[in-house]
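Just so you know, ligand 1 is whichever comes first in the structure, and atom 1 is the first atom listed for that ligand.
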Amino acid sequence: MKMPWQSMLYGGDYNPEQWPREVWDEDMRLFDLAHINTATVGVFAWSRLQPAEDQWEFGWMDDLMSLLERRGKQVCLGTATAAVPPWMARQYPDVLRVDFEGRQRQFGMRHNFCPNSPSYRTFAPAIAGKLAQRYKDHPGLVLWHVSNEYGGECYCPRCAAAFRRWLQQRYGSLARLNEVWNTSFWSHVFYDWDEIVPPNMLSEHGNPHNPDQTAFQGLSLDYRRFMSDSLLECYKLERDVLKEHTPDIPVTTNFMEVYKPLDYFRWAPHLDIITWDSYPRAGTDPADTAFNHDLMRGLKDGQSFLLLEQTPSQTNWQAYNALKPPGGMILQSLQAVAHGSDAAMFFQLRRSQAGCEKFHGAVIDHVGHENTRVFAECQKLGQQLAGFGDALLGSELPAEAGVVFDWENWWALDYSSGPSNDIDYVTEVRRYHKGFYDHNIPVAVTSVDADWSQYKVLVAPLLYMVSAATAAKIRQFVADGGIFLTTYLGGVVDEHDRVTLKGYPGELRDVLGIWVEELNVLLPEDEVIFTVNNPSPALQGCHSGRIVYERVHSEGAEPVAAYNNGMFAGTPAVTRHAFGQGQAWYVATSVQPAFVNQWVRDAAATAGVEALGPKQPGVECTLRRSDKGAFLFVLNHNEFPVRVALDSGWSQDLVSGKTVEAEGFTLQARQAAVFSHR
Ligand code: GLA
Ligand code: ZN
């Protein structure tokens, strides 16, 4: 869908309903000063818009919308449905959730509605429809912001009933359900659908030491899928109403990076554009933020996204809400743009006077004027983004390397009890992604269902859950010439978390050319050492593995490295299998970054995948491309200046407006540049 804006979106969450009317005019003056072009309004305004079931108050919103229109601001309009009003909780208690401990919640907080509540499912689309009807012709309306940061779960009786219906649809018969959940284990055979209850602390997650683990992975996995689908249903109900009134206005809801409860790959097709909220903690590795952006871009197969929220200065909800250092906020904003964002938006534009977010940073601080360091930085960023014009909008980041991320696989691993509590899916995926990032090799994050034809190298760390369809895709990818890597615990279970019998790694055994006989667990202080014995020039030396290590038998694969110590000393730690036109790698332990970096270099060289710039610690390069041109981003995350050499051809820096000499230029500490091609 064509997005209705002509320049980078700049602005953020704006809650004037918390302020007297005269403050709004002052806000407009300050927005102009900061080059703010877009305000996100109404996100938490349900109780102000609908004070009672049959009472509506749109006057203040009409006033706000026309003020924004007069000042030429675009509007991202919230549907207000992320926090239910008090009257609704009192009159329609079915909107309230039951928590993981089985407690019926009372009115309070936000994100507090049961996704299967009939009342919520009536009232939420109703207010969305009212807003759409009223503001559909507003010239500044550019984006619908449905609800806010969907998440959490509910275990109420209505959810339980809806879960049973969902299961009936999925499995058709109890016989099939009993089979895939393996209910003969621990006397769980179900003879009536009503015997099935949601998995929580009162049922399958009864281990207080590890509430994440469940007695029945199949059941808990299905509940996760069902909850993600239930919340998605709520989103779709609102989306459908909005589309009736405003078919040409994009609809979104804001995501939260690797947020565990929701399978964002399943949500993405229902959003016109991905939007997300980035809140790195002080000291976060920029590679982690880069991964988050790449994941968000990957949700819609590379389509550009919007950074819809970040703090201009500090948050209030972290343990240590440090300020971003001077230049840090601009650098983080440009990093988002470097990874495919067409926006840099804030939470929030004016700092609240009271409530739990009073210490959360904002463009306009409590002092109320523009003479603050933070405001000055916002103003500077606004000017830079305005300078980009429409050059970057919708441009893509070509990548020939991909890293697979799979929510269901993550859930399944964490739901399993054993073999080690230290197994961490997200850490493992991030480590391989960082291998590419550190080399400035463009990398995409992709799903098991996406089209992989653009990739020459594909890494799927800890791909524990592999359906027959995914196995077939991997086999085809390698047969066609791709380089594929997976790791320990790969291919162990199917989509129901049932172990694939007749030898690990199950469905991947032939393509990897190995059989994994057994797995041993390392204590936190222990490691296993392995030595590379392979002639490949990039791979060499001794490396260590942690957490677990496996005994691998070659069934055609070539051993690339062997363990020096441990129970499996002398057996392969890393294997490579020539299969069809390509090769499939297996890494049998949780390797440290040094090995990953070597492997990435080796794989990229073999596949002919090129880096964008020299590998230089703390210096990140990305490339965005469209029919308007190619743009090379160079970001210095260091606390000191660096000298960077560029290929000839790159000249004009869009950030500073200066022309640079190709042979070398200096980036100051925390400075970024965006070069266009001469
Ligand atoms: C989230 C929410 C916002 C706000 C910010 C604070 O992203 O969407 O409403 O609470 O966090 O960081
Ligand atoms: Zn519920």
Exercise. Is Met256 near ligand 1, meaning one of its heavy atoms is under 4.0 Å from it?
Worked result: no
Exercise. Under the 3.5 angstrom rule, does the side chain of Asp342 hit a backbone N or O of Gly394 as a donor-acceptor pair?
Worked result: yes
For this session: Using the Zn ion (ligand 2) as the apex, give the angle to atoms SG (Cys114) and SG (Cys154), rounded to 10 degrees.
Result: 110°
Seminar exercise, completed: re atom 10 (O) of ligand 1, the protein heavy-atom contact at minimum distance is Glu357 OE2, 2.3 Å
For this session: Step through the shown structure and confirm whether more than 12 heavy atoms of other residues, nucleotides or ligands are within 6.0 Å of CZ on Arg90.
Result: no
Problem set entry | Side-chain donor/acceptor of Gln217 to backbone N/O of Thr214, under 3.5 Å | yes
Exercise. Under 6.0 Å between ring centres, would you say that holds for Phe347 and His360?
Worked result: yes
Seminar exercise, completed: d(His366 NE2, Phe359 CZ) to nearest 0.5 Å is 8.0 Å
Exercise. Going by the atom numbers of ligand 1, which of them fall below 4.0 Å from some non-hydrogen atom of Glu149?
Worked result: 1 (C), 2 (C), 7 (O), 8 (O)
For this session: Could you check which of Glu309, Gln348, Gln314 puts a non-hydrogen atom nearest to atom 3 (C) of ligand 1?
Result: Glu309
Exercise. What atoms of ligand 1 come within less than 4.0 Å of a heavy atom belonging to Asp277?
Worked result: 7 (O), 8 (O)
For this session: Step through the shown structure and confirm whether more than 12 heavy atoms of other residues, nucleotides or ligands are within 6.0 Å of CZ on Arg105.
Result: no
Exercise. Are there more than 12 heavy atoms of other residues, nucleotides or ligands under 6.0 Å from atom CD of Glu22?
Worked result: yes
Exercise. Which of the numbered atoms in ligand 1 are below 4.0 angstrom from a heavy atom of His360?
Worked result: 6 (C), 12 (O)
Exercise. For Asn148, is at least one N or O under 3.5 Å away from an N or O on ligand 1?
Worked result: yes
Problem set entry | Side chain, backbone, both or neither: Arg110 near ligand 1, heavy atoms under 4.0 Å | side chain
For this session: Mark up the atoms of ligand 1 that fall under 4.0 Å of a heavy atom belonging to Phe44, in ascending order.
Result: 9 (O)
